[in-house]
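Here is the structure we will look at, set down as C-alpha coordinates.
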Amino acid sequence: MKICRLAFPDGSTGLAAEKDKAVYRIGMIQPQWQDLGELLRWSIGRRDLPQQINDAIQGSDPVADWIDLTDPSRPGGSGLVAPLDRQEVWAAGVTYLRSRQAREEESKGSGIYDRVYEAERPELFFKATASRVAGPNEPIRIRADAHWNVPEPELALVINPAMEIVGYTVGNDVSSRDIEGANPLYLPQAKVYRQCCALGPSILLADPVTGAPDFSIHAEIDRAGQIIWSGDIRTSQMKRSFADLVDYLGRENIFPDGVILMTGTGLVPPDTITLKPADVVTISIEGIGALRNSVIQGKQ
(Lines give C-alpha, C1' and ligand atoms only; values in the text may rest on other atoms or scores of the structure.)
Protein backbone atom coordinates (compact mmCIF):
# COMPACT_ATOMS: atom_id res chain seq x y z
CA MET A 1 0.00 0.00 0.00
CA LYS A 2 1.34 3.43 -0.97
CA ILE A 3 0.19 6.87 0.06
CA CYS A 4 1.03 10.21 -1.51
CA ARG A 5 0.29 13.90 -1.10
CA LEU A 6 -1.80 15.63 -3.74
CA ALA A 7 -2.50 19.23 -4.69
CA PHE A 8 -6.14 19.62 -5.68
CA PRO A 9 -7.68 22.14 -8.14
CA ASP A 10 -9.20 24.16 -5.27
CA GLY A 11 -5.70 24.90 -3.93
CA SER A 12 -5.88 22.46 -1.03
CA THR A 13 -3.58 19.52 -0.40
CA GLY A 14 -4.32 16.16 1.15
CA LEU A 15 -3.26 12.57 1.50
CA ALA A 16 -4.28 9.90 -0.97
CA ALA A 17 -3.73 6.17 -1.28
CA GLU A 18 -2.68 4.35 -4.44
CA LYS A 19 -4.01 0.89 -5.19
CA ASP A 20 -4.04 -0.89 -8.54
CA LYS A 21 -3.01 2.35 -10.30
CA ALA A 22 -6.04 4.23 -8.92
CA VAL A 23 -5.72 7.04 -6.35
CA TYR A 24 -8.18 7.60 -3.49
CA ARG A 25 -8.39 10.68 -1.25
CA ILE A 26 -8.18 9.17 2.23
CA GLY A 27 -8.59 12.41 4.19
CA MET A 28 -12.22 12.48 3.14
CA ILE A 29 -12.71 9.02 4.64
CA GLN A 30 -10.89 9.34 7.97
CA PRO A 31 -10.44 12.77 9.66
CA GLN A 32 -7.14 11.65 11.23
CA TRP A 33 -5.73 11.13 7.73
CA GLN A 34 -6.11 14.72 6.56
CA ASP A 35 -2.36 15.39 6.49
CA LEU A 36 0.84 13.48 7.13
CA GLY A 37 1.46 14.89 10.59
CA GLU A 38 -1.98 13.79 11.77
CA LEU A 39 -1.63 10.36 10.19
CA LEU A 40 1.80 9.81 11.76
CA ARG A 41 0.49 10.70 15.21
CA TRP A 42 -2.54 8.44 14.66
CA SER A 43 -0.26 5.58 13.55
CA ILE A 44 1.55 5.26 16.89
CA GLY A 45 1.33 1.67 18.08
CA ARG A 46 -0.79 0.61 15.08
CA ARG A 47 0.79 -2.21 13.13
CA ASP A 48 -2.12 -2.57 10.72
CA LEU A 49 -2.07 0.85 9.01
CA PRO A 50 -1.79 -0.56 5.44
CA GLN A 51 -4.74 -2.86 6.06
CA GLN A 52 -6.80 -0.10 7.68
CA ILE A 53 -6.31 2.19 4.68
CA ASN A 54 -6.99 -0.65 2.26
CA ASP A 55 -10.25 -1.48 4.05
CA ALA A 56 -11.26 2.20 4.18
CA ILE A 57 -11.02 2.81 0.44
CA GLN A 58 -13.15 -0.18 -0.49
CA GLY A 59 -16.17 1.13 -2.38
CA SER A 60 -14.73 4.63 -2.73
CA ASP A 61 -14.39 6.42 -6.05
CA PRO A 62 -10.84 7.23 -7.19
CA VAL A 63 -9.86 10.87 -7.65
CA ALA A 64 -6.97 10.34 -10.06
CA ASP A 65 -4.99 7.83 -12.11
CA TRP A 66 -1.51 6.99 -10.83
CA ILE A 67 0.01 6.72 -14.30
CA ASP A 68 -1.25 10.21 -15.13
CA LEU A 69 0.07 11.66 -11.87
CA THR A 70 3.55 10.23 -12.45
CA ASP A 71 3.82 11.22 -16.11
CA PRO A 72 7.31 12.81 -16.50
CA SER A 73 5.82 15.56 -18.70
CA ARG A 74 3.48 16.67 -15.92
CA PRO A 75 4.62 19.96 -14.32
CA GLY A 76 5.85 19.92 -10.75
CA GLY A 77 3.22 20.78 -8.15
CA SER A 78 0.43 19.70 -10.48
CA GLY A 79 -1.05 16.74 -8.67
CA LEU A 80 1.74 15.03 -6.76
CA VAL A 81 3.66 17.17 -4.28
CA ALA A 82 6.43 16.33 -1.81
CA PRO A 83 5.20 13.76 0.73
CA LEU A 84 5.63 15.85 3.88
CA ASP A 85 3.99 18.85 5.52
CA ARG A 86 5.38 19.85 8.95
CA GLN A 87 8.15 17.24 9.23
CA GLU A 88 11.83 18.06 9.50
CA VAL A 89 14.16 16.18 7.18
CA TRP A 90 17.33 14.70 8.69
CA ALA A 91 20.02 12.66 6.99
CA ALA A 92 22.63 10.04 7.79
CA GLY A 93 26.09 10.07 6.28
CA VAL A 94 28.82 7.54 5.56
CA THR A 95 26.49 4.55 5.80
CA TYR A 96 27.90 2.87 2.68
CA LEU A 97 31.53 2.01 1.92
CA ARG A 98 31.41 4.06 -1.31
CA SER A 99 30.28 7.11 0.64
CA ARG A 100 33.19 6.74 3.04
CA GLN A 101 35.62 6.59 0.13
CA ALA A 102 34.11 9.63 -1.58
CA ARG A 103 34.06 11.75 1.57
CA GLU A 104 37.67 10.87 2.31
CA GLU A 105 38.68 11.81 -1.24
CA GLU A 106 36.93 15.19 -1.12
CA SER A 107 38.47 15.97 2.30
CA LYS A 108 41.98 15.14 1.05
CA GLY A 109 42.26 11.97 3.11
CA SER A 110 41.87 13.53 6.56
CA GLY A 111 40.75 10.24 8.09
CA ILE A 112 37.69 11.79 9.72
CA TYR A 113 35.17 9.86 7.60
CA ASP A 114 37.00 6.57 8.07
CA ARG A 115 36.45 7.07 11.80
CA VAL A 116 32.77 7.88 11.29
CA TYR A 117 32.23 4.75 9.18
CA GLU A 118 33.74 2.52 11.86
CA ALA A 119 32.27 4.33 14.88
CA GLU A 120 29.35 3.08 16.94
CA ARG A 121 27.58 6.46 16.68
CA PRO A 122 26.39 7.33 13.14
CA GLU A 123 26.72 10.71 11.46
CA LEU A 124 23.32 12.43 11.60
CA PHE A 125 22.61 15.97 10.48
CA PHE A 126 19.69 18.28 9.86
CA LYS A 127 18.91 18.53 6.14
CA ALA A 128 15.78 20.56 5.42
CA THR A 129 12.49 22.05 6.49
CA ALA A 130 9.46 21.29 4.35
CA SER A 131 9.79 24.66 2.59
CA ARG A 132 13.24 23.65 1.29
CA VAL A 133 12.04 20.35 -0.20
CA ALA A 134 11.19 19.81 -3.87
CA GLY A 135 8.54 17.29 -4.89
CA PRO A 136 8.19 15.20 -8.06
CA ASN A 137 9.04 17.13 -11.25
CA GLU A 138 9.96 20.24 -9.25
CA PRO A 139 13.47 21.73 -9.60
CA ILE A 140 16.34 21.05 -7.26
CA ARG A 141 18.97 23.74 -6.83
CA ILE A 142 22.77 23.80 -6.98
CA ARG A 143 24.66 26.58 -5.26
CA ALA A 144 26.15 29.39 -7.33
CA ASP A 145 29.14 29.60 -4.97
CA ALA A 146 30.04 25.94 -5.44
CA HIS A 147 31.76 24.23 -8.36
CA TRP A 148 31.19 20.55 -7.59
CA ASN A 149 27.55 19.66 -6.99
CA VAL A 150 26.10 16.16 -6.97
CA PRO A 151 22.87 14.30 -6.32
CA GLU A 152 22.85 11.81 -3.46
CA PRO A 153 20.20 9.13 -4.16
CA GLU A 154 18.87 7.70 -0.91
CA LEU A 155 16.11 5.72 0.68
CA ALA A 156 14.26 7.88 3.20
CA LEU A 157 12.42 6.59 6.26
CA VAL A 158 9.08 8.10 7.29
CA ILE A 159 8.94 7.98 11.09
CA ASN A 160 6.14 8.78 13.54
CA PRO A 161 6.52 10.67 16.86
CA ALA A 162 7.12 7.38 18.70
CA MET A 163 10.12 6.77 16.39
CA GLU A 164 8.37 3.89 14.63
CA ILE A 165 9.09 3.45 10.91
CA VAL A 166 5.77 3.97 9.13
CA GLY A 167 7.01 3.96 5.55
CA TYR A 168 9.69 4.59 2.95
CA THR A 169 10.15 7.16 0.20
CA VAL A 170 12.77 8.27 -2.35
CA GLY A 171 15.17 11.04 -1.39
CA ASN A 172 17.81 13.21 -3.05
CA ASP A 173 20.28 14.83 -0.64
CA VAL A 174 21.74 17.39 -3.07
CA SER A 175 25.25 18.35 -1.93
CA SER A 176 28.13 20.69 -2.76
CA ARG A 177 31.14 18.42 -2.50
CA ASP A 178 33.77 21.15 -2.85
CA ILE A 179 32.32 23.13 0.07
CA GLU A 180 31.94 20.01 2.19
CA GLY A 181 35.45 18.83 1.36
CA ALA A 182 37.09 22.15 2.18
CA ASN A 183 36.22 21.83 5.87
CA PRO A 184 33.88 19.44 7.75
CA LEU A 185 32.46 22.46 9.60
CA TYR A 186 31.09 23.72 6.29
CA LEU A 187 28.70 20.75 6.10
CA PRO A 188 25.53 22.85 6.77
CA GLN A 189 26.42 25.20 3.90
CA ALA A 190 27.06 22.26 1.59
CA LYS A 191 23.80 20.58 2.55
CA VAL A 192 21.17 23.06 3.74
CA TYR A 193 19.76 25.74 1.43
CA ARG A 194 16.59 26.26 -0.61
CA GLN A 195 15.62 23.36 -2.89
CA CYS A 196 18.53 21.32 -1.50
CA CYS A 197 16.40 18.22 -1.10
CA ALA A 198 13.80 16.26 -3.04
CA LEU A 199 11.33 13.63 -1.83
CA GLY A 200 8.65 11.52 -3.50
CA PRO A 201 6.73 10.44 -5.39
CA SER A 202 4.98 8.33 -2.74
CA ILE A 203 5.38 6.64 0.62
CA LEU A 204 5.42 2.84 0.67
CA LEU A 205 3.83 1.89 3.98
CA ALA A 206 5.89 -0.47 6.09
CA ASP A 207 4.69 -4.05 6.31
CA PRO A 208 4.86 -5.18 9.95
CA VAL A 209 5.02 -8.82 8.87
CA THR A 210 7.91 -8.75 6.39
CA GLY A 211 10.03 -6.19 8.24
CA ALA A 212 12.59 -3.93 6.54
CA PRO A 213 12.92 -4.74 2.82
CA ASP A 214 16.15 -4.83 0.84
CA PHE A 215 15.49 -1.99 -1.62
CA SER A 216 17.12 -1.65 -5.04
CA ILE A 217 18.07 1.96 -5.88
CA HIS A 218 18.81 3.20 -9.40
CA ALA A 219 19.89 6.72 -10.28
CA GLU A 220 20.83 8.56 -13.44
CA ILE A 221 21.68 12.04 -14.69
CA ASP A 222 20.31 13.10 -18.07
CA ARG A 223 22.01 16.00 -19.87
CA ALA A 224 20.40 17.17 -23.09
CA GLY A 225 18.94 13.73 -23.73
CA GLN A 226 22.10 11.77 -22.94
CA ILE A 227 22.62 9.71 -19.77
CA ILE A 228 26.00 10.95 -18.49
CA TRP A 229 25.97 8.83 -15.32
CA SER A 230 23.95 6.03 -13.78
CA GLY A 231 24.35 3.66 -10.89
CA ASP A 232 22.66 0.92 -8.88
CA ILE A 233 22.90 -0.26 -5.29
CA ARG A 234 20.88 -2.16 -2.71
CA THR A 235 20.15 -1.01 0.82
CA SER A 236 21.50 -4.34 2.09
CA GLN A 237 24.94 -2.88 1.37
CA MET A 238 24.49 -0.34 4.17
CA LYS A 239 26.80 -0.77 7.15
CA ARG A 240 24.10 0.38 9.57
CA SER A 241 20.54 -0.84 10.06
CA PHE A 242 17.47 1.34 9.75
CA ALA A 243 16.67 0.64 13.40
CA ASP A 244 20.12 1.80 14.50
CA LEU A 245 19.80 5.11 12.65
CA VAL A 246 16.31 5.72 14.03
CA ASP A 247 17.47 4.92 17.55
CA TYR A 248 20.24 7.52 17.48
CA LEU A 249 18.03 10.15 15.83
CA GLY A 250 15.46 9.77 18.60
CA ARG A 251 17.95 10.17 21.44
CA GLU A 252 17.29 13.44 23.33
CA ASN A 253 15.03 14.58 20.47
CA ILE A 254 11.31 14.86 19.84
CA PHE A 255 9.38 15.14 16.57
CA PRO A 256 5.71 15.97 17.32
CA ASP A 257 4.71 15.66 13.65
CA GLY A 258 7.07 12.83 12.82
CA VAL A 259 10.31 13.11 10.86
CA ILE A 260 11.88 12.05 7.56
CA LEU A 261 15.31 10.42 7.80
CA MET A 262 17.44 9.90 4.70
CA THR A 263 19.66 6.87 5.17
CA GLY A 264 22.79 7.84 3.24
CA THR A 265 23.97 7.18 -0.28
CA GLY A 266 26.09 4.52 -1.89
CA LEU A 267 25.78 6.04 -5.37
CA VAL A 268 28.43 8.67 -5.99
CA PRO A 269 29.16 10.06 -9.49
CA PRO A 270 32.83 10.18 -10.52
CA ASP A 271 34.80 13.29 -9.64
CA THR A 272 34.60 14.49 -13.25
CA ILE A 273 30.82 14.97 -13.04
CA THR A 274 29.07 17.94 -11.51
CA LEU A 275 25.43 18.90 -11.92
CA LYS A 276 24.62 21.70 -14.36
CA PRO A 277 21.45 23.73 -14.96
CA ALA A 278 18.85 21.83 -17.03
CA ASP A 279 20.23 18.41 -16.04
CA VAL A 280 17.52 15.95 -14.99
CA VAL A 281 18.12 13.60 -12.05
CA THR A 282 15.94 10.50 -11.76
CA ILE A 283 16.10 8.22 -8.72
CA SER A 284 14.04 5.02 -8.75
CA ILE A 285 13.45 2.65 -5.85
CA GLU A 286 11.58 -0.57 -6.46
CA GLY A 287 8.16 -0.62 -4.86
CA ILE A 288 8.10 3.15 -4.30
CA GLY A 289 8.51 4.81 -7.68
CA ALA A 290 10.70 7.28 -9.54
CA LEU A 291 11.60 10.76 -8.32
CA ARG A 292 12.45 13.08 -11.20
CA ASN A 293 13.85 16.62 -10.79
CA SER A 294 15.44 19.12 -13.15
CA VAL A 295 18.36 21.26 -11.96
CA ILE A 296 18.51 25.01 -11.58
CA GLN A 297 21.35 27.17 -10.24
CA GLY A 298 21.25 29.99 -7.75
CA LYS A 299 22.70 33.46 -8.29
CA GLN A 300 25.51 34.96 -6.21
Exercise. Report yes if the side chains of Trp90 and Asn253 come closer than 4.5 Å at any heavy-atom pair, otherwise no.
Key: yes
Quiz item: Going by the ring-ring contact (aromatic ring centres under 6.0 Å, His included) test, which pairs reach into residues 225-244, not counting sequence neighbours?
Solution: none
Quiz item: By the rule that ILVMFWY residues connect when side-chain heavy atoms come within less than 4.5 angstrom, directly or transitively, which residues belong alongside Val81?
Solution: none
Quiz item: Are the side chains of Gln30 and Ile53 in touch, meaning some heavy atoms are under 4.5 Å apart?
Solution: no
Quiz item: Shortest non-hydrogen contact from Cys4 to Pro201?
Solution: CB-O, 3.8 Å
Quiz item: Is atom OH of Tyr186 surrounded by more than 12 heavy atoms (other residues, nucleotides or ligands) closer than 6.0 Å?
Solution: no
Quiz item: Between CD1 of Ile26 and CG of Leu15, what distance do you get to the nearest 0.5 Å?
Solution: 5.0 Å
Self-check item: Side-chain donor-acceptor pair present, Arg132, Thr129, cut-off under 3.5 Å
Solution: yes
Quiz item: Do Leu261 and Met163 belong together in a cluster built from hydrophobic side chains that touch within less than 4.5 Å?
Solution: yes
Quiz item: Is there a donor-acceptor pair under 3.5 Å between the side chain of Asp48 and the backbone N or O of Gln51?
Solution: no
Quiz item: Can you pull the side chain to side chain donor-acceptor pair (under 3.5 Å) pairs that have at least one residue in residues 283-296, sequence neighbours excluded?
Solution: Arg234-Glu286
Practice problem: Sort and list the pairs that fulfil ring-ring contact (aromatic ring centres under 6.0 Å, His included) and have at least one residue in residues 32-78, not counting sequence neighbours. | Solution: Trp33-Trp42
Self-check item: Hphob cluster co-occupancy, Ile288 + Leu49, side-chain heavy atoms under 4.5 angstrom
Solution: no
Exercise. Starting from the C-alpha separation in whole Å, work towards a yes-or-no answer on side-chain contact (heavy atoms from CB on, under 4.5 Å) for Leu155 and Met238.
Key: CA-CA 11 Å; Leu155 177 76; Met238 287 176 58; over 6 Å; no
Quiz item: To the nearest 0.5 Å, what is the distance between CD1 (Ile3) and OG (Ser202)?
Solution: 9.0 Å
Self-check item: side chain to side chain donor-acceptor pair (under 3.5 Å) involving Ser241 - partner list, sequence neighbours excluded
Solution: none
Quiz item: Got Leu204 and Lys2 here, is their nearest side-chain heavy-atom distance under 4.5 Å?
Solution: yes
Exercise. Could you check if a side-chain atom of Pro139 sits within less than 4.5 angstrom of a side-chain atom of Gln195, using non-hydrogen atoms only?
Key: yes
Quiz prompt | Under the side chain to side chain donor-acceptor pair (under 3.5 Å) test, residues paired with Lys127 that sit two or more places apart | solution = Asp173
Practice problem: Step through the shown structure and confirm whether more than 12 heavy atoms of other residues, nucleotides or ligands are within 6.0 Å of CD on Gln58. | Solution: yes
Quiz prompt | Nearest heavy atoms of Pro269 and Leu267, plus distance in Å | solution = CD-O, 4.0 Å
Self-check item: Nearest atoms (heavy-atom pairs only) where Phe125 meets Gly93
Solution: CE2-N, 4.2 Å
Quiz item: What residues form a side chain to side chain donor-acceptor pair (under 3.5 Å) with Arg240, not counting sequence neighbours?
Solution: none
Self-check item: Heavy-atom closest pair, residues Ser175 and Lys191
Solution: OG-NZ, 2.8 Å
Practice problem: Taking all heavy atoms of Ala128 and all of Cys196, pick out the closest pair and write down the distance. | Solution: CB-SG, 4.2 Å
Quiz prompt | Check: Arg143 side chain, Gln189 main-chain N or O, donor-acceptor pair, under 3.5 Å | solution = yes
Quiz item: Is the count of non-hydrogen atoms from other residues, nucleotides or ligands lying under 6.0 Å from Arg74 atom CZ greater than 12?
Solution: yes
Quiz item: Counting only heavy atoms not in Arg46, do more than 12 sit closer than 6.0 Å to its CZ atom?
Solution: yes
Quiz prompt | Straight-line distance of Asp145 CG to Ile179 CD1, nearest 0.5 Å | solution = 4.5 Å
Exercise. Give every residue pair that meets the ring-ring contact (aromatic ring centres under 6.0 Å, His included) criterion with at least one member in residues 12-31, sequence neighbours excluded.
Key: none
Self-check item: CG on Leu249 to CZ on Arg251, rounded to 0.5 Å
Solution: 11.0 Å
Self-check item: Student check: side-chain heavy atoms of Val295 and Asn149 closer than 4.5 Å
Solution: no
Quiz prompt | Partners passing ring-ring contact (aromatic ring centres under 6.0 Å, His included) against Phe215 (at least two apart in sequence or in another chain) | solution = Tyr168
Practice problem: Decide whether Asp85 and Gln87 meet the rule of one side-chain donor and one side-chain acceptor closer than 3.5 Å. | Solution: yes
Quiz item: Side chains of Leu40 and Val166: closer than 4.5 Å at any heavy-atom pair?
Solution: yes
Quiz prompt | Note, Pro161 side chain near Ile44 side chain (heavy atom, < 4.5 Å) | solution = yes
Quiz item: How many angstroms lie between atom CG of Asn160 and atom CG of Leu36, to the nearest 0.5 angstrom?
Solution: 10.0 Å
Quiz item: What pairs meet the salt bridge (charged side-chain N to carboxylate O under 4.0 Å, His left out) rule with one or both residues in residues 154-170, with sequence neighbours excluded?
Solution: none
Quiz item: Going through the checks in order, is the salt bridge (Lys or Arg N to Asp or Glu O under 4.0 Å) test met by Arg41 and Asp257?
Solution: CA-CA 7 Å; Arg41 285 192 296 273; Asp257 295 299; 2.4 Å; yes
Self-check item: Spacing of Ile29 atom CD1 and Gln34 atom CD [to the nearest 0.5 Å]
Solution: 10.5 Å
Practice problem: Would you mind listing the cluster partners of Ile227? Hydrophobic ones only (ILVMFWY), side-chain contacts under 4.5 Å, chaining allowed. | Solution: none
Quiz item: Can you find a heavy atom in the side chain of Leu6 that is under 4.5 Å from one in the side chain of Leu80?
Solution: yes
Practice problem: Give the minimum heavy-atom separation between Leu69 and Gly79, together with the two atoms involved. | Solution: CD2-CA, 4.0 Å
Self-check item: Which residues share a side chain to side chain donor-acceptor pair (under 3.5 Å) with Glu18, sequence neighbours left out
Solution: none
Quiz item: Do Tyr193 and Met262 share a hydrophobic cluster, counting only Ile, Leu, Val, Met, Phe, Trp and Tyr and linking them when any side-chain heavy atoms are less than 4.5 Å apart?
Solution: no
